[in-house]
Amino acid sequence: MVMASGPILVPKLQIVGGNRLEGVTSVSGGKNTAVAIIPAALLSDEPCVIENLPDIEDVHVLMRILTFLGAQVELEDGTMRIDPRGVEGHRVPARLAQRMRASYYLVGALLGRLGRAEVPFPGGCMLGPRPIDQHVKGLRALSADVECHGDNVHAEADGLRGGDVFFDLVTVGGTINVMLAAARATGNTTIYNAAKEPHIVDLANFLNSMGARIKGAGTDIIRIRGVQRLRGCSYTVIPDQIETGTLMIAAVASHGDVTIRGCIPTHMDALTAKLLELGAHVDESDDYIRVRSNGAHRAINLKTQVYPGFPTDLQQPASTLLCTARGTSMVTENIFEQRFRHLEEIRRMGGNARVVDRVAIIEGVTGLFGSSVYITDLRAGAALVVAGLMAEGVTEIANVHYIDRGYERLEQKLRDLGAAIERVEVEDYSPMIEMVWK
Ligand code: EPZ
């Protein structure tokens, strides 16, 4: 990433706040599911078809990585066909790997397919230190030699063998990487203290559709009986839990009335409970959620936890919403220690929040006002969009490439619900503008 020093023309989101969101919208396929399932297709001996993929930058980057490694990949209207039979490359180029966090799933997937992998340390959102020691420990438990040299993870196995993996903490990425490597290992693997997020279950369902034998996904013990080969399959990824939550929060923040179709309401229980506590109304059926608010919001406390607790990925938009709730809210971030940088930006919009260690203390103000703000990570982007919807006047949001990494057509969906939001190109002189490779 390059920091620019002079004036440059940059894309920004411009929001005129105050419009009430109303109507029906739909949710796209899950980003965090997609970025696990696409590498998983490398384990198959036949072509796979993956449907309902979101049209986001992370999916496009993965497609380029798989193509570079020798797979044939086609993507049209959210459906990706991956033929991994030509994959011979085990080295992932840094210029691609460092554009996303999930590139580390290629370690597990390439180990499972070729018995070796060389993957540069992943990029993605800067949320404080993001070690991968548990991934390394898990893969070593499956008899892989894993070393970190310079900026690369080197992994090699002369035949992966199943083993017991005890994670010291609950890690989504670590759980996924071990599942990928174990699917075709010889013998049985048991993952203790596994993550239970919906996309862990979705990945297990995808691998099982290819002939893997995985049980217990969604609980904290996952058992995998390795198989010799995996066949092709057609699979539809689940709807995005975090996009659903972002839209729910945006609806409440705008004092609106929005129905979100195509979601899985049970995945949203932790957020729904908090929105009810705050004073919003939530109705749900099998595949939709309707969220309404009359604007009278009470301060609440929330703590991020692993699933089924309150997701860290929704903490940033949720803590933004609390900036105008009556009273003092306390938000504790238990997963990523530097996930409050959006609040510094919201202070420029009149928000009153201070951070002490992992706790944000938010004093509700009567309103926010528009300002120029900068996105520092993907969900901070969602948070600043929510702030812009709430604010009086014009909010100009820079570094929109973060949003493009993980949200499909967010501004279009919000515009269709009545938001005054546009993407514009403007000159910016600030050192906080980040440019990405294109
Ligand atoms: C995944 O990140 C998601 N990323 C994140 O979503 C999400 O916030 C996070 O899970 C938690 O739900 C993807 O799916 C690509 P972890 P991941 O391993 O796998 C520590 C978004 O906005 N840890 O569950 O990196 C780690 O530092 C993104 O969509 C170790 O100490 O999360 C963190 O404190 C951002 N050692 C905690 O565990 C390890 O080896 C949980 O991390 C691994 C993790």
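When a ligand or atom number is given, it counts from 1 through the structure's own listing order.
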Selected option - heavy-atom contact closest to [atom], from [options]:
{"atom": "atom 43 (C) of ligand 1", "options": "G173, A102, P131", "result": "P131"}
{"atom": "atom 24 (O) of ligand 1", "options": "V35, L314, D377, V172", "result": "V172"}
{"atom": "atom 20 (C) of ligand 1", "options": "T171, L169, T312", "result": "L169"}
{"atom": "atom 21 (C) of ligand 1", "options": "R379, K137, R405", "result": "R379"}
{"atom": "atom 9 (C) of ligand 1", "options": "Y402, F336, Y407", "result": "F336"}

Once rounded to the nearest 0.5 Å, what's the spacing between atom [atom1] of [X] and atom [atom2] of [Y]?
{"X": "T324", "Y": "M390", "atom1": "OG1", "atom2": "CE", "value": "3.0 Å"}
{"X": "N32", "Y": "D202", "atom1": "CG", "atom2": "CG", "value": "11.5 Å"}
{"X": "H60", "Y": "R405", "atom1": "NE2", "atom2": "CZ", "value": "13.5 Å"}

Give a yes/no verdict on whether any heavy atom in [X] is under 4.0 Å from an atom of ligand 1.
{"X": "K31", "result": "yes"}
{"X": "R339", "result": "yes"}
{"X": "Y307", "result": "no"}

Next on the checklist: Does any part of the side chain of L69, heavy atoms only, come nearer than 4.5 Å to the side chain of L110, both counted from C-beta?
Outcome noted: yes

Next on the checklist: Are Y402 and T376 packed together at the side-chain level, in the sense that at least one heavy-atom pair is separated by less than 4.5 angstrom?
Outcome noted: no

Item to check | With D83 via side-chain hydrogen bond (donor to acceptor under 3.5 Å, both in side chains) - residues at least two apart | outcome: R85

Item to check | With sequence neighbours excluded, residues passing side-chain hydrogen bond (donor to acceptor under 3.5 Å, both in side chains) with E284 | outcome: none

Item to check | R225, CZ atom: more than 12 neighbouring heavy atoms under 6.0 Å | outcome: no

Item to check | Ligand-residue contact atoms, ligand 1 with I132, heavy atoms, under 4.0 Å | outcome: 39 (C), 40 (O)

Checklist entry - What atoms of ligand 1 come closer than 4.0 angstrom to any heavy atom of Y105? => result 14 (O)

Item to check | Structural part of D133 in contact with ligand 1, heavy atom criterion under 4.0 angstrom | outcome: both

